[in-house]
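Before I ask anything, here is the structure I am working with.
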There are 2 protein chains.
Amino acid sequence: MKKRVRIIDVAEHAGVSPGTVDRVIHNRGKVSPEKREEVLKVMKELGYERNIAASILAKGENYRVAVLLPDYNEDPYWKQPFAGAEEARKQVQHFGLNIEYYFFKLLSPEDFDRQARNILKTQPDGTRPDGILFSPLFLNEGEELLNKCDNLNIPCVIINTNLQSSKKLSYIGQHSYQSGVLAARLLNFGTPKKRTVIILNLTKGSTNAKHLIEKKEGFQYYFDNYGNKKVKVVNLEFEEFNDNEKLKTFLQGLIEKYTNLSGIFFTNSRAYKAIQCLDEKIVKKIKIIGFDLIESNLNYLREDKINFLINQNPIEQGFLGIQTLYKHLVEKEAVEPIQYLPLDIVVKENMQYYQKRGYQVETLLTA
Amino acid sequence: MKKRVRIIDVAEHAGVSPGTVDRVIHNRGKVSPEKREEVLKVMKELGYERNIAASILAKGENYRVAVLLPDYNEDPYWKQPFAGAEEARKQVQHFGLNIEYYFFKLLSPEDFDRQARNILKTQPDGTRPDGILFSPLFLNEGEELLNKCDNLNIPCVIINTNLQSSKKLSYIGQHSYQSGVLAARLLNFGTPKKRTVIILNLTKGSTNAKHLIEKKEGFQYYFDNYGNKKVKVVNLEFEEFNDNEKLKTFLQGLIEKYTNLSGIFFTNSRAYKAIQCLDEKIVKKIKIIGFDLIESNLNYLREDKINFLINQNPIEQGFLGIQTLYKHLVEKEAVEPIQYLPLDIVVKENMQYYQKRGYQVETLLTA
DNA sequence: AAATTTTTTGTGTGCGAACACAAAAAAAAC
DNA sequence: GTTTTTTTTGTGTTCGCACACAAAAAATTT
């Protein structure tokens with residue numbers, strides 16, 4: 001148990017005052033080059049490490065982080081990153097990280113933009129947030145926010161949807177392409193003969209389509225290279241998924257057209273919307289793969305109407321997002337620019353274990 | 001951003017000195033009942049919360065935690081909990097938690113016991129560890145260690161194998177029974193007709209058999225209640241798995257005997273030992289499910305010789321184990337007595353994401 | 001060469017809790 | 001009622017860092 005090296009130890013060895021060492025550590029300038037070099041050398045020699053507890057105490061509660069997510073009342077999926085962030089907040093609040101939440105309307109780029117402006121507005125005390133966690137569902141507006149933050153020197157962590165921009169501190173989420181490959185593998189597993197599989201995208205055009213395209217490509221790739229060569233892949237999209245009648249007509253059309261239909265891969269969390277519209281017997285004959293452990297999907301998983309759900313760890317996304325900002329701001333540690341979360345294969349028999357933090361979502365939101 | 005309530009605030013409101021409040025908080029006795037009550041009341045009223053950073057700083061680096069695991073040179077699986085613990089150590093070392101590792105010979109209860117005694121020996125400075133993390137592979141010796149620690153008031157976190165004893169702070173690991181059910185589900189998925197499945201236990205009698213029995217029961221339960229009713233389940237054990245010739249003979253015997261063999265479920269990480277001995281064509285005809293993402297298994301997963309691996313998150317077990325002790329000792333927060341980790345279904349297409357921390361295992365151990 | 005400005009370096013205080021020790025109050029012994 | 005002992009309460013120092021401010025040294029100006 002080697003005793004820690006302190007600033008004052010470094011100062012003594014370097015023949016300077018603690019104040020000078022402090023200036024070197026924090027780059028507060030006003031240090032002559034020679035002393036600067038000497039201090040850096042001694043720090044390395046002695047292996048100086050900042051005492052984080054003392055640092056936090058001396059600094060006071062100072063960091064402000066803004067979290068911008070879709071309003072979860074419109075889509076229960078978004079409860080989960082929120083819950084994860086809340087969980088992390090409880091831990092890091094002791095160490096000087098405070099969090100403010102902002103919510104935008106799920107399908108409205110305008111609202112996203114409005115909230116983003118709110119976040120960046122200077123407070124009465126003249127400050128801006130020290131970090132932002134958000135999900136860039138809209139490509140342009142997301143990039144714009146990243147750019148603004150880059151100018152203001154505010155680190156951003158983005159979750160769920162990746163942007164190519166290098167102006168982010170870190171991306172946390174799934175590898176879209178690979179999730180498509182995985183879905184294909186699972187569907188292929190239950191498709192021995194010459195059959196048809198459908199990849200169906202229930203979404204409106206306005207949202208960031210990039211990760212949906214990647215899923216499709218991954219899905220196609222698997223069947224082209226590894227899967228049962230006799231399987232035909234059909235690629236479809238349907239926008240009016242909120243109109244039950246239209247959706248029903250659309251789906252029945254598919255069933256009639258593709259008589260040798262083996263399975264459907266839903267590219268997002270809306271598998272349950274389709275299953276609602278279909279006859280039980282038909283559903284059970286088709287293999288169905290969807291995304292996300294939201295309650296409506298889980299119910300169908302229990303009833304064996306959905307065969308597999310792929311979990312993209314939304315709770316963990318929120319949790320890790322806050323943790324990453326904490327690491328960067330408070331501990332000043334380097335963070336990974338891309339943090340891919342596992343693609344969990346969820347069936348009835350293991351679903352319970354992926355909802356652990358999920359329990360708190362409910363209690364949290366009714367409070 | 002409400003300002004924090006400090007001890008001195010509580011003291012003022014209660015009309016006592018900070019020392020008295022301190023005594024109440026730490027139960028250092030010597031406080032008159034009236035003042036004690038008053039202080040507690042005020043603490044609740046003002047919502048006092050300990051400033052953890054200040055607390056850690058004032059206390060100094062004080063906590064010592066011992067970690068007792070099997071020697072990973074004998075079984076690569078055990079590299080993983082070690083790596084997880086190391087990862088956690090890096091984080092909590094800043095906050096006053098120091099870790100010492102002890103290793104015991106995998107199949108030797110005597111060595112486990114010897115190391116346990118080492119751990120509990122008082123140090124030159126008269127102290128014992130403040131907490132212990134271990135894996136109670138041997139039922140009796142594990143219980144004994146728990147009992148001793150209970151007497152000495154040392155909190156214990158156990159991983160991998162559960163013990164019924166209530167004298168543990170927390171268990172972290174899988175739900176054995178449910179993992180059996182899950183394996184059955186996956187095997188059943190690929191078994192349409194009247195066939196035979198084998199559940200095979202490659203182990204020596206000496207280790208704690210309890211979680212193996214639970215796996216078997218879960219496996220059987222699924223086929224009895226939900227699975228294909230025409231499947232016959234055969235329950236076997238083989239001890240001399242390290243003798244390739246004998247194992248080969250044994251397995252070929254099985255193949256000949258059960259001509260309609262559909263799949264084998266290996267109850268631990270030794271699936272690879274069996275596959276080594278078998279002909280490629282035969283392996284590919286049989287569905288194989290095993291446990292644990294060790295390199296030999298992963299290779300066979302890549303080659304499609306193993307269909308599914310169930311991951312019991314050994315890295316996370318080590319990581320969470322240390323975190324749990326940190327929470328208990330340093331943050332003094334309540335911890336969950338049982339923390340079940342997910343039963344991950346791993347195939348070729350998602351295996352990479354479950355090894356994230358695993359990468360560091362290699363670099364760690366060659367250093 | 002003295003006075004002034006600018007750059008560089010050193011000193012001191014506070015953050016909040018833990019713990020040792022001193023002081024005061026209460027109880028017991030005489 | 002005084003002294004001694006025990007219980008209860010209060011005070012002061014420490015942990016290591018951040019940051020404000022004071023002091024010293026160097027560079028400019030006069």
Side-chain angles (χ1 to χ4, degrees), chain A residues 1-40 42-43 46-63 93-96 130 329-332, chain B residues 1-40 42-43 46-63 93-98 130 329-332:
Chain A
M1 215 187 303
K2 60 194 183 292
K3 61 177 181 296
R4 300 192 65 114
V5 178
R6 299 160 301 168
I7 281 185
I8 196 172
D9 299 321
V10 175
E12 273 170 20
H13 277 78
V16 299
S17 74
T20 302
V21 178
D22 177 73
R23 274 177 284 264
V24 172
I25 291 174
H26 293 89
N27 281 314
R28 297 193 221 272
K30 313 301 170 96
V31 177
S32 67
E34 309 90 62
K35 300 222 168 182
R36 180 187 179 72
E37 282 313 308
E38 179 62 18
V39 166
L40 286 172
V42 172
M43 283 211 299
L46 301 186
Y48 171 78
E49 277 183 34
R50 202 166 51 107
N51 181 324
I52 297 180
S55 174
I56 291 169
L57 177 60
K59 204 168 205 319
E61 296 197 18
N62 263 333
Y63 296 107
Q93 68 174 351
H94 297 293
F95 304 116
D130 301 288
L329 291 171
V330 181
E331 297 198 351
K332 302 189 198 305
Chain B
M1 216 186 301
K2 58 194 182 294
K3 62 175 180 298
R4 301 191 63 115
V5 178
R6 299 159 301 168
I7 280 186
I8 198 173
D9 299 322
V10 174
E12 273 171 20
H13 277 78
V16 298
S17 73
T20 301
V21 177
D22 177 72
R23 273 177 284 264
V24 172
I25 291 174
H26 293 89
N27 282 313
R28 297 194 221 271
K30 313 301 170 97
V31 177
S32 67
E34 310 90 61
K35 301 222 168 180
R36 180 186 178 72
E37 282 312 309
E38 180 62 18
V39 167
L40 287 172
V42 173
M43 282 209 303
L46 300 187
Y48 171 77
E49 276 183 36
R50 201 167 52 106
N51 181 324
I52 297 179
S55 174
I56 291 169
L57 177 60
K59 204 165 205 320
E61 298 197 14
N62 263 332
Y63 295 108
Q93 69 175 352
H94 298 294
F95 304 116
L97 206 68
N98 296 296
D130 301 288
L329 291 171
V330 180
E331 298 198 350
K332 299 185 199 309

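Side chains included, hydrogens not; waters and symmetry mates left out as well; all remaining heavy atoms used. The sequence lines fix the lettering, A, B, ..., with proteins before strands; numbering per chain opens at 1.
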Practice item. Could you pull out the closest heavy-atom pair between B:Arg50 and B:Glu331, with the gap in Å? Key: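 Smallest heavy-atom distance, with atoms named: NH2-O, 3.2 Å.
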**Study point:** Near-strand residues of residues 51-59 of chain B, defined as heavy-atom separation under 4.0 angstrom from DNA chain D
**Key:** B:Leu57, B:Ala58
Check your understanding: NZ of B:Lys30: more than 12 outside heavy atoms within 6.0 angstrom?
Key ->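 No - once you tally the heavy atoms of other residues, nucleotides and ligands closer than 6.0 Å, there are 12 at most.
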Check your understanding: Hey, does B:Gly60 reach any base, or is it just sugar-phosphate, or nothing, if we go heavy atoms under 4.0 Å?
Key ->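 Nothing, no nucleic acid heavy atom in range.
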Review point. Separation of B:Arg28 atom CZ from D:dT9 atom C1', in whole Å?
Key: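 To the nearest whole Å, that distance equals 14 Å.
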Review point. Reckon B:His26 has a side-chain N or O less than 4.0 Å from the OP1 or OP2 of C:dA18?
Key: yes
Check your understanding: Do you know which two heavy atoms are closest between B:Pro18 and B:Ala11, and how far apart they sit?
Key -> N-CB, 3.7 Å
**Study point:** Distance in angstrom units between B:Arg4 CZ and C:dG16 P, rounded
**Key:**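 Taking CZ of B:Arg4 and P of C:dG16, I get 9 Å after rounding.
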Check your understanding: For A:Phe95 and D:dC17, what is the distance between atoms CZ and P respectively, to the nearest whole Å?
Key -> 17 Å
Check your understanding: A:Glu38 CD to C:dT9 P: how many Å, rounded?
Key ->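 Distance check: A:Glu38 CD to C:dT9 P gives 12 Å.
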Check your understanding: Hey, is the side chain of A:Tyr48 poking within less than 4.0 Å of OP1 or OP2 on D:dC17, counting only N and O atoms?
Key -> yes
Review point. What integer distance in Å separates A:Arg23:CZ from C:dT9:P?
Key: 8 Å
List every contact pair, protein side and nucleotides 22-24 of chain C side both N or O, where the distance is under 3.5 Å.
none

**Study point:** Test salt bridge (charged side-chain N to carboxylate O under 4.0 Å, His left out) applied to B:Arg23 - qualifying residues, sequence neighbours left out
**Key:**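 Per chain and number, B:Arg23 pairs via salt bridge (charged side-chain N to carboxylate O under 4.0 Å, His left out) with no residue.
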Point to revise | Minimal non-hydrogen separation, A:Arg4 against A:Glu49, with atom names | key: NH2-O, 3.4 Å
Point to revise | D:dT8 OP1/OP2 closer than 4.0 Å to side-chain N/O of B:Thr20 | key: no
Practice item. Taking only the side-chain heavy atoms of A:Ser17 (C-beta and beyond), determine which of D:dC19, C:dT9, C:dC19 contains the nearest atom. Key: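 Taking heavy atoms from C-beta onward, the closest nucleotide is C:dT9.
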Check your understanding: To the nearest angstrom, how far is B:Ile25 atom CD1 from C:dC19 atom C1'?
Key ->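 Rounded to whole Å, this separation is 13 Å.
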**Study point:** Rounded distance [0.5 Å steps], OG in A:Ser55 versus NE2 in B:His94
**Key:**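 These two atoms lie 11.0 Å from each other.
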Practice item. Compare every heavy atom of B:Ala53 with every heavy atom of A:Leu57, then report the nearest pair and how far apart it is. Key: N-CB, 4.3 Å
**Study point:** B:Lys59 side chain to B:Ile56 backbone, donor-acceptor under 3.5 Å
**Key:** no
**Study point:** Stepwise side-chain contact (heavy atoms from CB on, under 4.5 Å) check, B:Leu46 with B:Arg6
**Key:** CA-CA 9 Å; B:Leu46 300 187; B:Arg6 299 159 301 168; over 6 Å; no
**Study point:** Those residues that, when tested against A:Phe95, pass ring-ring contact (aromatic ring centres under 6.0 Å, His included) (two or more places apart)
**Key:** B:Phe95
Exercise for review: Start with the C-alpha gap between A:Tyr48 and A:Ile25, add the side-chain angles, then the distance that decides, and say whether side-chain contact (heavy atoms from CB on, under 4.5 Å) holds.
Suggested key: CA-CA 10 Å; A:Tyr48 171 78; A:Ile25 291 174; 3.7 Å; yes
Exercise for review: Please check the phosphate of D:dC17 (OP1 and OP2 only) for any side-chain N or O of A:Arg50 closer than 4.0 Å.
Suggested key: no
Practice item. Give the C-alpha distance, both sets of side-chain angles, the deciding distance and a yes or no for side-chain contact (heavy atoms from CB on, under 4.5 Å) between B:Val16 and B:Arg36. Key: CA-CA 10 Å; B:Val16 298; B:Arg36 180 186 178 72; over 6 Å; no
Exercise for review: Can you sort out which residues in residues 6-14 of chain A have a heavy atom within less than 4.0 Å of DNA chain D? Ascending by number, please.
Suggested key: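 Those residues whose heavy atoms fall under 4.0 Å from DNA chain D, taken from residues 6-14 of chain A in numerical order, are A:Arg6, A:Ile7.
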Review point. Hey, is NE2 on B:His13 packed in by over 12 heavy atoms from elsewhere, all under 6.0 Å?
Key: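 No - once you tally the heavy atoms of other residues, nucleotides and ligands closer than 6.0 Å, there are 12 at most.
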**Study point:** Protein-nucleotide distance (A:Lys30, atom NZ; C:dT8, atom C1'), rounded to Å
**Key:**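 In whole Å, C:dT8 C1' and A:Lys30 NZ are 9 Å from each other.
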Practice item. Give, for atom CD1 of A:Ile7 and atom OG1 of A:Thr20, the distance between the pair rounded to the nearest 0.5 Å. Key: 11.0 Å
Exercise for review: Please check the phosphate of D:dT7 (OP1 and OP2 only) for any side-chain N or O of B:Ser32 closer than 4.0 Å.
Suggested key: no
Check your understanding: Picking from D:dA18, C:dT9, C:dC19, which would you name as closest to the side chain of B:Asp22?
Key ->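 When the side chain of B:Asp22 is considered, C:dC19 is the closest of D:dA18, C:dT9, C:dC19.
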Point to revise | Axis deviation across the helix from C:dA1-D:dT30 to C:dC30-D:dG1, five-pair ends, to the nearest 10° | key: 60°
Exercise for review: Report the distance from atom NZ of A:Lys35 to atom C1' of C:dT8, rounded to the nearest whole Å.
Suggested key: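 Taking NZ of A:Lys35 and C1' of C:dT8, I get 8 Å after rounding.
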